[in-house]
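Only one structure is covered here, and it is reproduced in the block below.
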Amino acid sequence: MRPDLSGTTFLGADAPVPQGDGVSIIVLTYRSARYIGDCVAALRHAAGHYPAELIIVDNDSGDETPDVARAAAPDARVIETGHNGGFAHGCHAGAERARFPWLMFVNPDTVPAPGSIEALLDCARSDPAIGIVGGRCVGRDGSADPRSWWGRPGLWPAFCFAFMLSSAFPGSRVFDPESPRPWTGEEQVRRVPVVTGGFMLVSRRAWNETGGFDKGFFMYAEDADLCLRAAARGYRPTVTGRGVYQHDVGGSSSSIGKLVLLFTGKTTLLRRHLRPGLGHLAVGLLAFGVLARAVLSRLLSARPERQGRATARGEDWRKLWAARREWLPGWPRR
């Protein structure tokens with residue numbers, strides 16, 4: 001059966017690029033066959049009146065994902081890298097082939113609402129200094145999911161993590177400063193330190209000036225790194241409440257595997273964005289926080305929630321501490 005192409009028909013590889021603003025939507029897949037069809041169907045209604053092309057980059061899934069992507073989007077360009085070099089590597093492979101002045105990065109397990117990418121583009125075009133725009137994440141029932149943006153990492157957030165303040169006061173502006181806070185209001189626009197990379201619009205100008213996602217990060221924290229480097233150049237990362245989307249986070253990672261990658265990204269981020277002495281101190285605090293949770297997990301069986309989401313299991317904290325030699329050094333520079 002021919003796939004339903006209702007909504008936007010994406011600009012083909014051989015079609016001339018129209019003048020004016022348009023968006024190159026880049027979806028990076030890795031064993032994403034069960035997600036990509038829903039994502040593509042939603043993307044057809046997300047760009048609104050803006051011309052759009054869809055570039056699906058497969059990071060060597062080794063399964064049927066590329067074939068499923070081609071069937072779901074025969075008007076997309078599907079690129080098979082033949083190598084899983086990580087999130088940044090795959091995104092660069094898509095950006096290198098993009099022909100529009102706006103780059104929209106969408107995770108394959110993300111389902112954008114109709115007009116959501118159009119809303120991000122409208123926000124970005126209202127002020128060229130913004131450079132990076134995200135949307136408003138919601139749950140399947142439409143409830144607020146705060147993971148649209150994150151606070152700035154640093155020494156104080158690491159201290160709060162080490163001494164369990166972020167766990168004791170989840171969502172606190174003072175004691176849990178990295179965690180996002182729920183927000184509502186379709187017209188609300190706010191400047192934020194970090195826009196999540198699962199649904200992120202970047203101007204070509206900001207991408208070129210910063211060099212895009214750092215390929216030294218394999219997975220996790222490359223979005224924070226890009227936003228911090230962009231802010232250092234005068235850009236103002238922003239989120240708009242009109243850009244609504246759902247994101248089924250973590251579909252490709254096991255719990256401990258995800259934690260190891262996540263903390264490798266965290267340690268890399270702290271070392272690169274803090275002065276050398278402070279960076280080492282912050283990483284030490286991060287390690288102490290993991291050890292504290294690993295020890296306490298043997299005494300406490302409860303698994304508390306943070307902002308409506310379950311935290312890591314005690315067993316995972318113990319495994320993460322045992323694997324500290326993997327994540328404490330961070331990612332090597334490329």
Side-chain angles (χ1 to χ4, degrees), residues 8 10-18 20-30 32 36 39-40 43 46-47 50-61 65-66 69 73 75-108 110 112 116-117 120-121 124-125 128 130-135 194-231 233 235 237-238 243 245 265 331 334:
T8 298
F10 298 114
L11 189 72
D14 298 326
V17 179
D21 280 341
V23 60
S24 298
I25 303 171
I26 300 166
V27 180
L28 178 65
T29 59
Y30 180 72
S32 310
I36 191 64
C39 179
V40 167
L43 286 172
Y50 287 96
E53 64 177 348
L54 176 60
I55 303 171
I56 300 174
V57 181
D58 186 73
N59 253 2
D60 197 25
S61 290
T65 298
D75 49 345
R77 280 183 284 168
V78 179
I79 300 164
E80 297 184 59
T81 64
H83 168 63
N84 184 10
F87 180 81
H89 173 268
C91 288
H92 274 273
E96 287 168 4
R97 294 163 174 82
R99 296 172 291 171
F100 282 115
W102 298 98
L103 306 175
M104 181 73 212
F105 298 97
V106 182
N107 277 11
T110 293
S116 54
I117 294 177
L120 268 60
L121 285 160
R125 292 178 68 249
I130 290 175
I132 300 175
V133 185
V194 175
V195 173
T196 182
F199 194 70
M200 173 190 279
L201 179 73
V202 185
S203 71
R204 173 66 76 174
R205 177 183 174 188
W207 179 266
N208 290 341
E209 287 184 7
T210 59
F213 293 123
D214 187 336
K215 295 179 184 179
F217 289 78
F218 181 81
M219 188 176 180
Y220 297 118
E222 62 282 292
D223 48 4
D225 173 72
L226 174 60
C227 288
L228 296 179
R229 287 188 288 109
R233 288 178 169 269
Y235 288 102
T238 298
Y245 67 99
W331 299 117
R334 292 188 183 180

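No hydrogens, no waters, no symmetry mates; every other heavy atom, side chains included, goes into these values. Treat the numbers as computed from the prediction; the structure is a model and nothing was measured. One is the number of the first residue; the rest follow in order along the sequence.
- Of all non-hydrogen atoms in Pro108 and Thr29, the two that sit nearest each other are CB-CG2, 4.1 Å.
- Taking every heavy atom of both residues into account, Ala93 and Thr81 meet most closely at CB-CG2, 4.3 Å.
- In this structure, the side chains of Val202 and Thr210 stay at 4.5 Å or more apart for every pair of heavy atoms.
- Looking at Glu80, its side chain never comes within 3.5 Å of a backbone N or O of Pro66 through a donor-acceptor pair.
- The main-chain N or O of Asn84 is never found under 3.5 Å from a side-chain atom of Asp60 such that the two would form a donor-acceptor pair.
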**Report entry** Asp214 and Arg229: CA distance, side-chain angles, deciding distance, side-chain contact (heavy atoms from CB on, under 4.5 Å) verdict
**Finding:** CA-CA 10 Å; Asp214 187 336; Arg229 287 188 288 109; 4.1 Å; yes
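- Between Leu103 atom CG and Ser203 atom OG the span is 8.0 Å, to the nearest 0.5 Å.
- Distance CD1/Ile55 to SG/Cys91: 11.0 Å, rounded to 0.5 Å.
- Between Met200 and Leu226, the closest side-chain pair of non-hydrogen atoms falls below 4.5 Å.
- Counting all heavy atoms, side chain and backbone alike, Ile132 lies closest to Ala230 at CD1-CB, 3.8 Å.
- Checking side-chain atoms of Arg204 against main-chain N and O of Ala95 turns up a donor-acceptor pair under 3.5 Å.
- Looking only at side-chain heavy atoms (C-beta outward), Trp102 and Ser24 stay at 4.5 Å or farther from each other.
- Put simply, the side chain of Arg97 never gets that close to the backbone of Ile79: no donor and acceptor are under 3.5 Å apart.
- For the atom pair CZ of Arg125 and CG of Asp21, the computed distance is 4.5 Å after rounding to the nearest 0.5 Å.
- Closest non-hydrogen pair, Thr110 versus Gly198, comes out as OG1-O, 3.5 Å.
- Of all the heavy atoms in Cys39 and Pro112, the pair that sits closest is O-CD, 4.4 Å.
- Of the possible polar contacts, one joining the Glu222 side chain to the Tyr220 backbone as a donor-acceptor pair under 3.5 Å is found.
- Contact check for Ile117 versus Leu43: side-chain heavy atoms found under the 4.5 Å cut-off.
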Query raised in the report: Can Phe100 and Tyr50 be said to form a ring-ring contact (aromatic ring centres under 6.0 Å, His included), step by step?
Result: CA-CA 11 Å; Phe100 282 115; Tyr50 287 96; 9.8 Å; no
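- Taking the side chain as every heavy atom from C-beta outward, Phe199 and Leu120 approach each other to under 4.5 Å.
- Residue Leu54 forms a side chain to side chain contact (heavy atoms under 4.5 Å, CB included) with just one option from Val40, Val106, Ile26, Val23, and that option is Val40.
- Taken from OG in Ser32 to CG in Asp58, the straight-line distance is 7.5 Å, to the nearest 0.5 Å.
- Between Trp207 and Phe213, the two ring planes are perpendicular [angle over 60°; tilted spans 30° to 60°].
- Between Asn59 and Phe87, the closest side-chain pair of non-hydrogen atoms is not below 4.5 Å.
- The shortest heavy-atom contact between Ala231 and Pro237 is CB-CD, 4.5 Å.
- Side chain of Arg99 to main chain of Val17: no donor-acceptor pair is present (N/O by atom type, distance under 3.5 Å, no hydrogens or angles).
- Here the OG1-CG distance, from Thr196 to Asn107, works out to 7.0 Å after rounding to the nearest 0.5 Å.
- Note that CZ of Phe105 and CG of Leu28 are 10.0 Å apart. Values are rounded to the nearest 0.5 Å.
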